[in-house]
Amino acid sequence: MEKLYLIPGTMCNEQLWKKLVPYLETQFDLVHLPIPNVDNVDEMLTTLLAALVEEKVQLVGFSLGGYLAAYLASKYPEKIARLFVIANSPCSLNTDELQQRTDILAWVNQHGYSGISQKRALAMLDNPSNEGASIDHEQRVKQAIYTIVTMDKDLGESVLIQQLTSTSHRKDLTDELSKVNSPIVFYCSEKDPLINQQWLKHFCHNNKNAHATIVPGSCHMLPLEYPQALANSIIDWANN
């Protein structure tokens, strides 16, 4: 069975993928790659590269993990058979997000960190109170909030500081990633405020091996809220 390597996002661990597992485990040997606890992105790549034991791998990354996966593909294209990037546009962070990260670090430095709030977790999901939301969707959102809060608690303050400090200033990967010939899929919500839609449109227009699947809504935590649709896209990407 072919391996599928999975890199999570900021303050996420293996629990991020738990809703995807039932849909993917019959076709893939799923390998979770935690985000390395090192000082900068280049050191993260070195650690992640050492874990890719096959000659060529299928690589999936979510959010920060999507950026790291894209960076790996751009630096070591010979190692990547295909690339699937969830909820990330691999370019520099915008001014608002950089300021938000600065504010978080300043707050934590002064007051300590008591964990992500349920309100903040909900802000990364689609609102289940919208008209037409099903009971099943409402339950998925509740479970997603619980998982987000749990992952954050498991990783804790030191990991938050390390990840925000070491990954906030990101290189725009347009030029390097344009040289990658492997199939690339970007999968994200159309109104996710953390996605640079203009960057995605431009990159996919100029690179025939790249395709963007844009789904309705504003959800960022797609593996937790919409696992089946995401799994179907991953399977299609792996089989084509």
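The distance from atom CG of Leu20 to atom CD1 of Ile234, rounded to the nearest 0.5 Å, is 5.5 Å. One finds the CG atom of Asn196 at 10.0 Å from the CG atom of Asn88 (value rounded to the nearest 0.5 Å). With rounding to the nearest 0.5 angstrom, the NE2 atom of His220 is 12.5 Å from the CG atom of Asp126. Here the CG atom belonging to Leu200 is positioned 10.5 Å from the OG1 atom belonging to Thr213, to the nearest 0.5 angstrom. Note that the OG1 atom of Thr46 and the OH atom of Tyr76 stand 5.0 Å from one another [nearest 0.5 Å]. Here the CD1-CE distance, from Ile148 to Met221, works out to 4.5 Å after rounding to the nearest 0.5 Å.
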Exercise for the section: Check the pair Leu93 / Tyr67 against side-chain contact (heavy atoms from CB on, under 4.5 Å), numbers first and verdict last. Expected result: CA-CA 11 Å; Leu93 299 180; Tyr67 180 84; over 6 Å; no

Practice task
Please step through ring-ring contact (aromatic ring centres under 6.0 Å, His included) for the pair His137 and Tyr226, ending with a clear verdict.
Solution key: CA-CA 9 Å; His137 182 218; Tyr226 300 108; 5.6 Å; yes

Problem - Criterion side-chain contact (heavy atoms from CB on, under 4.5 Å) on Cys188 and Ile214, from CA distance to verdict - result: CA-CA 5 Å; Cys188 65; Ile214 313 296; 3.4 Å; yes

Exercise for the section: Go through the steps for Tyr187 and His211 under the test ring-ring contact (aromatic ring centres under 6.0 Å, His included), then give the verdict. Expected result: CA-CA 9 Å; Tyr187 188 99; His211 171 74; 9.9 Å; no

Exercise for the section: Show your reasoning for whether side-chain contact (heavy atoms from CB on, under 4.5 Å) applies to Phe28 and Gln58. Expected result: CA-CA 10 Å; Phe28 307 103; Gln58 299 190 108; 3.9 Å; yes

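The salt bridge (Lys or Arg N to Asp or Glu O under 4.0 Å) contacts involving residues 23-41 comprise Lys3-Asp29, where partners must be two or more places apart or lie in separate chains. Evaluation of the salt bridge (Lys or Arg N to Asp or Glu O under 4.0 Å) test over residues 171-196, restricted to residues two or more places apart or in two chains, returns Lys171-Glu176.
Between Tyr23 and Asn232 there is no side-chain heavy-atom pair separated by less than 4.5 Å. Counting heavy atoms from C-beta on, the side chains of Pro223 and Trp17 come closer than 4.5 Å. When side chains are defined from C-beta on, Val60 counts as touching Trp237, because their heavy atoms get closer than 4.5 Å. Contact of the His202 side chain with the His205 side chain is not registered, since no non-hydrogen atoms from C-beta on lie closer than 4.5 Å. Side-chain contact between Leu222 and Ser189 is present, with heavy atoms from C-beta onward closer than 4.5 Å. Residues Lys75 and Asp42 meet the side-chain proximity criterion, which asks for heavy atoms closer than 4.5 Å. Residues Ile80 and Val180 form no side-chain contact, since every pair of their non-hydrogen atoms from C-beta on lies 4.5 Å or further apart. Side-chain contact between Cys219 and Leu125: present, with at least one pair of heavy atoms (C-beta onward) separated by less than 4.5 Å.
Following chains of ILVMFWY side-chain contacts shorter than 4.5 Å, one cannot reach Leu30 starting from Val57, and the two form parts of different hydrophobic clusters. One hydrophobic cluster holds both Leu177 and Leu49 under the rule that ILVMFWY side chains link at heavy-atom gaps under 4.5 Å. Following chains of ILVMFWY side-chain contacts shorter than 4.5 Å, one can reach Met124 starting from Leu160, so the two form part of one hydrophobic cluster. Residues Tyr71 and Trp199 share a hydrophobic cluster, clusters being chains of Ile/Leu/Val/Met/Phe/Trp/Tyr side chains in contact below 4.5 Å. Clustering ILVMFWY residues whenever any of their side-chain heavy atoms sit less than 4.5 angstrom apart, transitively, puts Ile86 in a cluster other than the one holding Leu59.
Minimum interatomic distance between Ser218 and Pro193 (heavy atoms only, all atoms of both residues): O-CD, 4.3 Å. Nearest heavy atom pair, residue Ala87 against residue Phe62, reads CB-CE1, 3.7 Å. For Leu33 against Ala51, the heavy-atom pair with the smallest separation is CD2-CB, 3.6 Å.
The number of heavy atoms from other shown groups lying within 6.0 Å of CG (Asn40) is above 12. Counting non-hydrogen atoms of other residues, nucleotides and ligands closer than 6.0 Å to NZ of Lys56 gives a total above 12. Atom CD of Glu78 is surrounded by more than 12 heavy atoms from other residues, nucleotides or ligands within 6.0 Å.
Residues satisfying the salt bridge (Lys or Arg N to Asp or Glu O under 4.0 Å) criterion with Glu97, sequence neighbours excluded, are Arg101. In this structure, the side chain to side chain donor-acceptor pair (under 3.5 Å) partners of Gln99, at least two apart in sequence or on a different chain, are Asp103. For Arg140, the salt bridge (Lys or Arg N to Asp or Glu O under 4.0 Å) criterion is met by Asp136, not counting sequence neighbours. Ser166 pairs by the side chain to side chain donor-acceptor pair (under 3.5 Å) definition with Gln162, not counting sequence neighbours. Under the rule for a side chain to side chain contact (heavy atoms under 4.5 Å, CB included), the partners of Ala210 that lie at least two apart in sequence or sit in another chain are Ile184, Phe186, Phe203, Cys204, Asn207. By the side chain to side chain donor-acceptor pair (under 3.5 Å) test, Lys19 pairs with Gln143, sequence neighbours left out. Under the rule for a side chain to side chain donor-acceptor pair (under 3.5 Å), the partners of Thr147 that lie at least two apart in sequence or sit in another chain are Lys18.
Annotation for Met1: hydrophobic cluster partners, listed by chain and number, are none (ILVMFWY side-chain heavy atoms under 4.5 Å, direct or chained).
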Return a table of donor-acceptor pairs under 3.5 angstrom between the side chains of residues 4-16 and protein atoms on other chains or two or more places apart.
from	atom 1	to	atom 2	distance (Å)
Tyr5	OH	Glu54	OE1	2.5
Asn13	OD1	Gln15	N	3.0
Gln15	NE2	Asp154	OD2	3.0

What side-chain donor-acceptor pairs closer than 3.5 Å can you find for residues 104-113, not counting sequence neighbours?
from	atom 1	to	atom 2	distance (Å)
Tyr113	OH	Ile116	N	3.2
Tyr113	OH	Asp152	OD1	2.8
Tyr113	OH	Asp152	OD2	2.9

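A donor-acceptor pair is defined here as one N or O able to donate and one able to accept, closer than 3.5 Å; such a pair exists between the side chain of Ser92 and the backbone of Arg170.
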